[in-house]
Amino acid sequence: MTLPSHRKPSSPVGGDPRRGVLDAALVDRVTDAVLFAGLPVAFGDQGPGVRIRPAEAVDPADRCEGLAALDWLPSRRLADAAAMEDPQHAAGSARQVVGVSMVNALAEFLPAFGLDVSRDRSGRELRVGGSADSGLRVPPDVLVRRPAGATPAELGLDAELVDAVRRSAALAGLPVAVHLGAAGVTLGPWPTGEGGTGGDGGADIGWNPSRRLSDLADSGSPAAGLAAVARTSVHAAMLHALGTILGACGTELRWFHARNRLRALGESTPAIRH
């Protein structure tokens, strides 16, 4: 589904003519993919979310005209705390971990949406391009009525554990699913027999993309196969990112690599002390 454009192709993003221009169709395609994944899009330099801006040349030989550069803006609270601290302290370190982890996740799943992903020669800037005729589009009749999933409280999860995960996610700028069927970080009971019982306070951490992507993947649309691949790619990329992001922002985690599961155990050292 291509979102309506509110930019002219010849207009520089951010109003600075030295930073180049972005084609409005590319901005819309990147925005669509990010929203499909269940992530927010930042407006200008205001987070949280994915910031989309023109790629910046590393040197005169770096031909990056027309490419978008992406990075992640965390919550204002984490950004402000990091700016006030030594970069080696908790908030500065957490901000760096969040930013790097989210850019890596974007690099992992955006190709599944038909976007070309690359890095500049420094390896730091994530660049995105792509042809206008590729990518997923949602037919208007594809959305289906889905029952709401169970909430963490209905699943019997420990309230303090749920609050710890929510605080960490909010600090990073990530949404938390209000129930198992909603988009964002999901919390479910830990399966009995997998590294402990389901009733000892641990929670199974996951990620849901947007309802639009899930409905398309589960539909009879010709694009259902592509949507299913994209959904799998988003889930894998975000689960890997959450394993570092939530830990950096104050949640104690444990990876069970053999089963590719992430378990939250409670609050650890907070990135920002009150």
Which atoms form the tightest heavy-atom contact between [X] and [Y], and what is the distance?
| X | Y | result |
| --- | --- | --- |
| Ala33 | Leu115 | CB-CD1, 4.0 Å |
| Leu35 | Val41 | CD2-CG2, 4.0 Å |
| Ala79 | Arg95 | O-NH1, 3.7 Å |
| Pro40 | Pro175 | CD-CD, 4.1 Å |
| Val165 | Ala264 | CG2-CB, 3.9 Å |
| Gly266 | Leu161 | N-CD1, 3.3 Å |

Just wondering, are more than 12 heavy atoms of other shown residues or ligands nearer than 6.0 Å to CZ in Arg119? yes

Would you mind reporting whether [Y] and [X] have side-chain heavy atoms less than 4.5 Å apart?
| X | Y | value |
| --- | --- | --- |
| Cys249 | Val98 | yes |
| Leu126 | Val117 | yes |
| Pro209 | His235 | no |
| Leu70 | Arg53 | no |
| Glu108 | Met238 | no |
| Val176 | Val162 | no |
| Asp204 | Arg261 | yes |
| Leu253 | Arg263 | no |

[atom1]/[X] to [atom2]/[Y] distance, rounded to the nearest 0.5 angstrom?
| X | Y | atom1 | atom2 | result |
| --- | --- | --- | --- | --- |
| Leu155 | Leu180 | CG | CG | 5.0 Å |
| Leu39 | Leu174 | CG | CG | 7.0 Å |
| Asp23 | Leu67 | CG | CG | 11.5 Å |
| Asp116 | Leu110 | CG | CG | 10.5 Å |
| Trp255 | Asn260 | CH2 | CG | 5.0 Å |
| Leu242 | Met102 | CG | CE | 8.0 Å |

Could you state whether [X] and [Y] fall into the same hydrophobic cluster, counting links through intermediate Ile, Leu, Val, Met, Phe, Trp or Tyr residues with side-chain heavy atoms under 4.5 angstrom apart?
| X | Y | result |
| --- | --- | --- |
| Phe109 | Val128 | yes |
| Leu106 | Val30 | yes |
| Trp207 | Leu239 | yes |

Quick one: does [X]'s side chain have a donor or acceptor within less than 3.5 Å of a partner on [Y]'s backbone?
| X | Y | answer |
| --- | --- | --- |
| Arg29 | Phe113 | yes |
| Ser210 | Gly38 | no |
| Ser233 | Ala230 | no |
| Asn208 | Thr186 | no |
| Ser101 | Val97 | yes |
| Gln46 | Phe43 | no |
| Thr244 | Ala241 | yes |
| Thr251 | Gly247 | no |
| His179 | Thr151 | no |

Taking the six-membered ring of Phe36 as reference, does the cationic atom of Arg212 (NZ for Lys, CZ for Arg) lie under 6.0 Å from its centre and within 45° of its axis? yes

